[in-house]
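What follows is a single structure, written as structure tokens, with notes after it.
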Amino acid sequence: MTTLDQPTATLVTSRDRPVRRELGVANTLSHGFLLLWGLLTVLPLLWMFISSFKTNGEILADPWGLPGALHLDNWARAWTGAHIGRYFLNSLVVVTGSVSLTMLMGATAAYVFARYEFRGRQVVYYLFVGGLMFPVFLALVPLFFVVRNAGLFNTWLGLILVYAAYSLPFTVFFLTAFFRTLPTSVAEAALVDGCGHFRLFFRVMLPMARPGLISVAIFNFLSHWNQFLLPQVLLQGDESKWMLAQGLFALSVSQGYAGDYARLFAGLSIAVLPVLAVYVAFQRQVQAGLTAGQLK
């Protein structure tokens, strides 16, 4: 028995070693790639924040060094002198309205597609999802005339409606799959207890779909906040209505010629802070929303 067991044990070990080595090499490569990707993402942001506290002379003389002192006046000059504060508030108002409208309409449509059977449901659903295939710039010219003929050109309301329209395909696609993962027994029990369809949606199903709602709301917020092309086309002339991306573009052009790079970096830092704050505050909710359907 001893002579038979020993070769068997040796054979199993020799078979396991190549597999373990391959897994070890794959893990090392994946972790190395993720580390490199993290450095490529974090280091430019860190350099931008550090440069926002420097003087223009320090930026030109030693671009990679630390500031001799924290020059907070760069942020004040960017907020007031470059009107970044005004553009920041404008973007906050428009993005809040567009995300709220997108979530209300998208969640309602997705719930209907996921829970109700009616003729033509698949056709309407695929029409919504088909909007994901069309880039924004392909519809800029007809969109310009549609918004202008509707009397919404150079208005925040027109921009909010356009933002919501372009975000609906992804929102409906994401939330439809999420609503399908929710247990039907809860909805049936609520209907048996006398709960109407309207109350069932707002009082029962929406709270259960909270992880998915938070995830898609954050994606929409980031998309709307960073949008540049649509405001540039639909908001022209009146600078008091500009979005933050437009203001940063004008600041980059003007300060690039003036040589005031410190104020430019301060304006960029102000624009990036809300995005970082949203990610840090809701990263766990985003992960929970993306994995909820798989876990169920």
For Arg121, salt bridge (Lys or Arg N to Asp or Glu O under 4.0 Å) partners two or more places apart
Glu117

Leu200 and Ala187 have their tightest heavy-atom pair at CD1-CA, 3.9 Å

Is there a continuous path of hydrophobic side-chain contacts, each under 4.5 Å between heavy atoms, that joins Leu159 to Phe145?
yes

Counting only heavy atoms not in Arg203, do more than 12 sit closer than 6.0 Å to its CZ atom?
no

Identify the two heavy atoms, one from Ala177 and one from Thr181, that lie closest to each other, and give their separation to 0.1 Å.
O-CG2, 3.4 Å

Do Val162 and Leu152 make a side-chain contact, defined as non-hydrogen atoms from C-beta onward lying under 4.5 Å apart?
no

Could you give the distance from CG (Leu234) to CD1 (Ile160), rounded to the nearest 0.5 Å?
12.5 Å

Around His197, counting heavy atoms of other residues, nucleotides and ligands shown, do more than 12 lie under 6.0 Å from its NE2?
no

Once the angle between the rings of Phe201 and Phe179 is folded into 0 to 90°, is it parallel (under 30°), tilted (30 to 60°) or perpendicular (over 60°)?
tilted

Ignoring hydrogens and angles, tell me if any N or O in the side chain of Lys54 forms a donor-acceptor pair with the backbone of Pro63 under 3.5 Å.
yes

How are the rings of Phe249 and Phe228 set to each other: parallel, tilted or perpendicular (split at 30° and 60°)?
tilted

Strictly distance-based, threshold 3.5 Å: is any side-chain N or O of Asp62 a donor or acceptor partner for the main-chain N or O of Glu58?
no

After noting the C-alpha distance and the side-chain angles of Tyr111 and Leu182, does the key distance pass the side-chain contact (heavy atoms from CB on, under 4.5 Å) rule?
CA-CA 11 Å; Tyr111 176 73; Leu182 299 181; over 6 Å; no

Tell me if the OH atom of Tyr116 is crowded by more than 12 foreign heavy atoms within 6.0 Å.
yes

Same cluster or not: are Val192 and Phe198 linked, directly or through other Ile, Leu, Val, Met, Phe, Trp or Tyr residues, by side-chain heavy atoms under 4.5 angstrom apart?
no

Return the minimal non-hydrogen interatomic distance between Asp238 and Ser240, and the atom names on each side.
OD1-OG, 2.7 Å

Donor-acceptor contact present, side-chain Asn56 to main-chain Tyr261, <3.5 Å
yes

Are Val141 and Leu235 linked, directly or through other ILVMFWY residues, by side chains that come within less than 4.5 angstrom of each other?
yes

Any idea which heavy atoms bring Tyr163 and Pro231 closest together, and the distance?
OH-CG, 3.0 Å

Using 30° and 60° as the class boundaries, would you call the ring planes of Tyr87 and His83 parallel, tilted or perpendicular?
perpendicular

To the nearest 0.5 Å, tell me how far Met103 CE sits from Thr108 OG1.
10.0 Å

Would you say Leu273 ends up clustered with Phe265 if hydrophobic residues are merged whenever their side chains have heavy atoms under 4.5 Å apart, either directly or through other cluster members?
yes

Checking Leu251 against Leu268 for the side-chain contact (heavy atoms from CB on, under 4.5 Å) test, could you report, in this order, the C-alpha distance in whole Å, the side-chain angles of both residues, the deciding distance, and whether it holds?
CA-CA 10 Å; Leu251 178 63; Leu268 293 172; over 6 Å; no

List the steps, then state whether side-chain contact (heavy atoms from CB on, under 4.5 Å) holds for Asn226 with Val275.
CA-CA 9 Å; Asn226 297 324; Val275 178; 4.2 Å; yes

Is there a side-chain contact (heavy atoms from CB on, under 4.5 Å) between Phe33 and Leu29 once you walk through the steps?
CA-CA 6 Å; Phe33 176 78; Leu29 292 176; over 6 Å; no

Counting only heavy atoms from other residues, nucleotides and ligands, does the tally under 6.0 Å from CZ of Phe202 exceed 12?
yes

Shared hydrophobic cluster for Val136 and Met133 (ILVMFWY, side-chain gaps under 4.5 Å):
no

Taken to the nearest 0.5 Å, the spacing of Ser100 OG from Phe221 CZ works out to 11.5 Å

For Trp225 and Ser91, which I'm curious about, is there any donor-acceptor pair between the side chains at under 3.5 Å?
no

For Leu244 against Ala271, the heavy-atom pair lying closest together:
CD2-CB, 3.5 Å

For Val233 and Phe153, the nearest pair of non-hydrogen atoms, with its separation, is O-CE1, 3.4 Å

Apart from Ile50 itself, which Ile, Leu, Val, Met, Phe, Trp or Tyr residues share its cluster (side-chain heavy atoms under 4.5 Å, direct or through members)?
Leu46, Leu66

Do the side chains of Phe113 and Val129 get nearer than 4.5 Å, heavy atoms only?
no

Are there over 12 heavy-atom neighbours, none belonging to Met105, within less than 6.0 Å of that residue's CE?
no

Matching residue for Val216 among Val99, Thr171, Val172 - test: side chain to side chain contact (heavy atoms under 4.5 Å, CB included)
Thr171

Just checking Phe173 against Tyr125, ring centres under 6.0 Å apart?
no

Can you tell me how far OG of Ser223 sits from CD1 of Ile218, rounded to the nearest 0.5 angstrom?
13.5 Å

Which label fits Phe219 and Phe174: parallel for a plane angle under 30°, tilted from 30 to 60°, or perpendicular past 60°?
perpendicular

